[in-house]
Amino acid sequence: MTRERIIERVRKLLALSNSSNEHEAALAAAHAQRLLAEHNLAMSELELQEEGAGEAELVVAKTVAKWLSSLFATVANAFDCFPIVTTTQENSRLRFIGVGEDPGVAACTLQFLIKELRRLASGYLCSLELRDDKLHPTDRQRIRTSYLLGGVHGIRQALQAQKAQTPTTSKALVPIKDALIQQYKEEHIGELRTRRSRSSTVVSKAFHQGRQDGASLRLHPTMKHLPKE
């Protein structure tokens, strides 16, 4: 019997445990507990099955920069979500497909990190122009992009270390989340196209400074950064 079949069996037994027939209810509850113990199942697995998958999104400019695309994928991975970019004539939607609160937390975290990286990049450019002459617009854009790419690299390292220490999902629940996300994709999302990002020339000094700043950045919004009800 597969794990999914066992979970379905346990759910039916738990439903029977609410029977008005006390003898039947007791037998069903006992059988359910025995199955849970025999197959090393947790109630959290049943709760995930009931909860199912959903999505949250962040609307951005139509053209998604390479650093933003990379940050989006990084945050999705950190919160056990599947990232999808949907582009229209007006804008792009960065969609997190996940289970429970994962997509909402991921979207909130991405919004926060975008704001923080842009703030840090502006500060870095201002510091350069205070020391040297005003940058040419082309050079300024290259330096900014390099800094942001480095910032994403630093954030990725920090998030991976954090996830290794405190995983979003226990190993036992990962296959269940993956199955629910796959089911949601099949039911709600059409065929996906692979997006290719353009290669870019990186300014080494700006990239390394960005990576250093990104690695030390606070990774999650505090209460004051969360959207109000």
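- The pair R140-E129 counts as a salt bridge, with a side-chain nitrogen and a carboxylate oxygen less than 4.0 angstrom apart.
- Rounded to the nearest 0.5 Å, atoms CH2 (W67) and CD1 (I114) are 5.5 Å apart.
- When side chains are defined from C-beta on, K62 counts as touching T87, because their heavy atoms get closer than 4.5 Å.
- Salt bridge status for D213 with R119: absent, with no side-chain N to carboxylate O gap under 4.0 Å.
- L71 CG to L148 CG: the interatomic distance, rounded to the nearest 0.5 Å, is 9.5 Å.
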Going through the distances and angles, do I189 and R95 end up as a side chain to side chain contact (heavy atoms under 4.5 Å, CB included)? CA-CA 11 Å; I189 299 167; R95 301 163 64 189; 3.9 Å; yes
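- Note on V59 and V85: separate hydrophobic clusters, where clusters join Ile, Leu, Val, Met, Phe, Trp and Tyr whose side-chain heavy atoms are under 4.5 Å apart, directly or indirectly.
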Decide side chain to side chain donor-acceptor pair (under 3.5 Å) for T145 and Q141; before the verdict, give the C-alpha distance in whole Å, the side-chain angles of both, and the deciding distance to 0.1 Å. CA-CA 6 Å; T145 298; Q141 183 59 40; 3.2 Å; yes
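- Using modelled atom types, one finds no donor on one side chain facing an acceptor on the other under 3.5 Å when comparing R156 with H153.
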Show your reasoning for whether side chain to side chain contact (heavy atoms under 4.5 Å, CB included) applies to V75 and F96. CA-CA 9 Å; V75 173; F96 292 96; 4.1 Å; yes
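- Classification of the Y124-Y147 ring pair by plane angle, with boundaries at 30° and 60°, yields parallel.
- Across all their heavy atoms, C81 and A106 have their closest contact at SG-CB, 4.3 Å.
- Using modelled atom types, one finds no donor on one side chain facing an acceptor on the other under 3.5 Å when comparing N77 with T74.
- By the neighbour-count criterion of 12 heavy atoms within 6.0 Å, atom CD of Q165 is sparsely surrounded, having that number or fewer from other residues, nucleotides or ligands.
- There is no side-chain donor-acceptor pair under 3.5 Å between S216 and Q212.
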Before giving the answer on side chain to side chain contact (heavy atoms under 4.5 Å, CB included), spell out for K163 and L159 the whole-Å C-alpha distance, their side-chain angles and the decisive distance to 0.1 Å. CA-CA 6 Å; K163 188 173 183 179; L159 282 174; over 6 Å; no
